[in-house]
Asks: 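Below is the structure I would like to discuss, written out as structure tokens.
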Amino acid sequence: MSEAESSARAGSRGRLRLPRVGRGSMAGRGREAVETWRRYRHSQLSELAESNRLQRELLERTHGQAHLPGLPGPSTEQAGPARETAEASGDSRRDLMTVTSPFMFGFFGALGVLTAWFLAQNVSRLSSVITFVLIAVFLTLALNPIVTSLTNRGFSRPAGVFTVFLGMVAVLGLLGWLVVPPIVQETSTLIERMPRYLDDLNAQPWVQQLDARYDISDRINAEIENRLQDSTFLSTIFGGVLGAAGWLAGGLIGAFTALVLTLYFLAALPTVKDAGYKIVPMSRRARVIGLAEEIMRRVGGYALGQVAVASINGSASWVMMSLLGVPYAAVLAVLVGVLGLIPLIGATLGAVIVALVAMSQGWVVTLVVLIYYVIYQQFENYVIVPRIMSRTVSVPGAVTVVAVFAGGTLMGVLGALIAIPVAAGLLLIYNEVVIPRQARL
């Protein structure tokens with residue numbers, strides 16, 4: 001025997017061999033595991049089928065329907081007894097719903113209508129309060145930049161608020177001092193001179209011709225006598241006078257209320273803003289704070305800019321009317337300034353009123369007034385407004401027109417005043433929120 005054969009036999013003797021009995025036991029365990037898995041799967045499928053059958057029966061008993069969506073319907077043998085029970089219970093439930101559902105539907109519908117009517121009535125009653133609050137908010141946003149500039153220069157917040165509020169009250173008092181005495185004086189003068197004005201008017205030849213042809217004076221006297229004898233007309237006039245007095249008193253009370261609210265809003269503005277920002281989730285708080293601060297900055301800047309533009313217009317108008325000798329120059333200048341706060345049509349309306357008053361001085365003065373306002377409007381639109389409003393509000397012309405008309409229709413003069421800053425805020429949200437979100441989709 002060679003050395004290779006002897007080494008191969010020695011290697012085969014040293015190998016580990018499994019016994020035949022061990023191999024058979026492992027195969028048997030594998031078959032048992034497979035059979036166990038099959039039995040488990042069969043039991044789970046049986047339980048699932050039983051669960052589906054129970055669900056179908058439950059639905060049949062409650063709604064009288066056949067099966068769940070996505071599940072096969074029950075067979076005829078399985079559904080027979082369940083269907084009879086479901087039909088019996090379904091009929092009773094259907095009869096009950098037929099009796100009660102229309103009543104319940106009508107009841108809850110009427111309750112919703114009454115709730116909506118109650119809220120609408122309360123909102124309409126609170127319209128004056130809402131108006132005062134909006135005026136106060138608008139004034140607060142307009143005065144807050146001034147308060148902020150004072151606090152940046154070393155003033156405390158209460159001291160800055162008190163200083164700005166005193167300045168606003170002083171300006172309003174100065175305007176009242178300029179407007180109220182001339183109006184009272186000229187009104188009393190007009191009442192005293194009214195008979196002489198009527199006599200001068202009757203002395204005009206063209207008035208006498210019209211009176212001779214159409215008997216105007218006799219008709220006017222007869223109509224006045226009939227009206228004076230009519231109790232309804234007298235009560236209407238008396239009610240109108242009382243209504244005008246009440247309106248004036250309500251306006252003064254509303255102005256005082258708006259001023260007090262403005263003072264409180266200015267003092268509590270940082271606290272109110274912090275409380276509002278805390279409601280926003282932390283993940284979006286920084287973004288909301290940035291947008292809110294920018295909107296408030298634009299609204300306040302627009303209000304201050306509009307006041308500056310109107311003040312320049314009123315001051316220049318006063319100088320022009322004083323040079324030309326137009327009567328009631330101070331009153332008309334204040335009126336021009338107030339009307340200048342109204343966007344789009346305010347300045348034009350003030351110019352028309354001044355031109356009508358200037359007609360008392362002759363057509364030459366009227367023509368000069370019209371030429372002045374045409375030139376001034378161009379200078380204001382292309383020089384003053386762009387310099388003042390460059391960092392506040394940037395709204396397209398079409399959006400400005402639509403916003404002013406919509407605000408004026410909804411809330412009158414106040415709506416027209418706040419329409420442009422509101423449109424600027426909505427436009428900012430559109431550019432900074434809506435467009436970036438749509439771009440990410």
Side-chain angles (χ1 to χ4, degrees), residues 131-132 134-150 153 155 158-190 247-267 300-343 346-347 349-351 353-354 357-358 369 372-373 376 380 384-385 388 413-414 417-418:
T131 302
F132 295 151
L134 288 178
I135 293 174
V137 170
F138 193 70
L139 291 176
T140 300
L141 295 179
L143 297 176
N144 187 61
I146 304 177
V147 176
T148 304
S149 64
L150 291 178
R153 295 180 180 179
F155 281 77
V161 170
F162 185 71
T163 303
V164 171
F165 187 76
L166 283 182
M168 183 180 65
V169 172
V171 170
L172 293 178
L174 178 61
L175 292 178
W177 178 73
L178 290 175
V179 173
V180 174
I183 290 178
V184 174
Q185 181 181 357
E186 295 300 331
T187 302
S188 61
T189 303
L190 180 63
W247 179 83
L248 180 60
L252 293 176
I253 295 174
F256 179 75
T257 304
L259 289 177
V260 173
L261 287 176
T262 302
L263 177 62
Y264 281 109
F265 287 170
L266 273 176
Y302 168 78
L304 288 179
Q306 195 69 15
V307 170
V309 172
S311 301
I312 293 173
N313 189 6
S315 301
S317 298
W318 178 78
V319 173
M320 179 269 299
M321 287 184 286
S322 299
L323 293 176
L324 295 178
V326 178
Y328 318 118
V331 177
L332 290 176
V334 173
L335 181 62
V336 168
V338 173
L339 292 176
L341 297 174
I342 303 175
L349 185 60
I353 293 175
V354 174
V357 176
V369 169
Y372 162 78
Y373 275 113
Y376 177 80
E380 180 183 283
I384 298 177
V385 173
I388 294 179
V413 177
L414 177 62
L417 289 175
I418 66 176

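All of these numbers come straight from a predicted model, not from anything done at the bench. Residue numbers run from 1 in the order of the sequence given.
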Asks: Find the distance between CG (Leu263) and CG (Leu143) and round it off to the nearest 0.5 Å.
Replies: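 Here the rounded value is 10.5 Å.
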
Asks: Sequence neighbours left out, what pairs pass side-chain hydrogen bond (donor to acceptor under 3.5 Å, both in side chains) with at least one residue falling in residues 252-265?
Replies: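 Passing the test, one end in residues 252-265: no pairs.
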
Asks: Taking only residues two or more places apart in sequence or in another chain, which ones pass side-chain contact (heavy atoms from CB on, under 4.5 Å) with Ser149?
Replies: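 Ser149 satisfies side-chain contact (heavy atoms from CB on, under 4.5 Å) with Ile146 once adjacent residues are dropped.
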
Asks: Partners of Ile135 by side-chain contact (heavy atoms from CB on, under 4.5 Å), sequence neighbours excluded?
Replies: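 Expected list: Thr131, Leu139, Ala258, Leu414.
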
Asks: Could you measure the distance from the CZ atom of Phe265 to the CG atom of Leu141? Nearest 0.5 Å is fine.
Replies: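 It comes to 10.0 Å.
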
Asks: List for me each residue that meets side-chain contact (heavy atoms from CB on, under 4.5 Å) alongside Val357, sequence neighbours excluded, and say none if there are none.
Replies: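 side-chain contact (heavy atoms from CB on, under 4.5 Å) check on Val357 returns Val326, Pro327, Tyr328, Leu332.
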
Asks: What residues form a side-chain contact (heavy atoms from CB on, under 4.5 Å) with Ala255, not counting sequence neighbours?
Replies: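 Scan of Ala255 (side-chain contact (heavy atoms from CB on, under 4.5 Å), adjacent residues dropped) gives none.
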
Asks: Using a 4.5 Å cut-off on heavy atoms from C-beta on, say whether the side chain of Tyr373 contacts that of Val336.
Replies: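 SC-SC contact between Val336 and Tyr373 confirmed.
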
Asks: How long is the straight-line distance from CG of Leu335 back to CD1 of Ile353, given to the nearest 0.5 Å?
Replies: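 Result: 4.5 Å between the selected atoms.
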
Asks: Got a sec, which residues hit side chain to side chain donor-acceptor pair (under 3.5 Å) with Thr140, two or more places apart in sequence or on another chain?
Replies: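 Thr140: no side chain to side chain donor-acceptor pair (under 3.5 Å) contacts found.
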
Asks: Show which side-chain atoms of residues 303-315 pair as donor or acceptor with protein atoms under 3.5 Å away, not counting sequence neighbours.
Replies:
unit_1	atom_1	unit_2	atom_2	d
Gln306	NE2	Gly340	O	3.1
Ser311	OG	Val307	O	2.7
Asn313	OD1	Ser317	OG	3.4
Ser315	OG	Ser311	O	2.9

Asks: Give me the atom names and distance for the closest heavy-atom approach of Leu259 to Phe165.
Replies: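 Closest pair (atom of Leu259, atom of Phe165, distance): O-CE1, 3.2 Å.
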
Asks: Please give me the minimum heavy-atom distance between Phe155 and Thr163, naming the atom from each residue.
Replies: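 Looking at all heavy atoms of both residues, the closest pair is CE2-OG1, 4.3 Å.
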
Asks: Got a sec, which residues hit side chain to side chain donor-acceptor pair (under 3.5 Å) with Tyr372, two or more places apart in sequence or on another chain?
Replies: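 Here no residue qualifies.
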
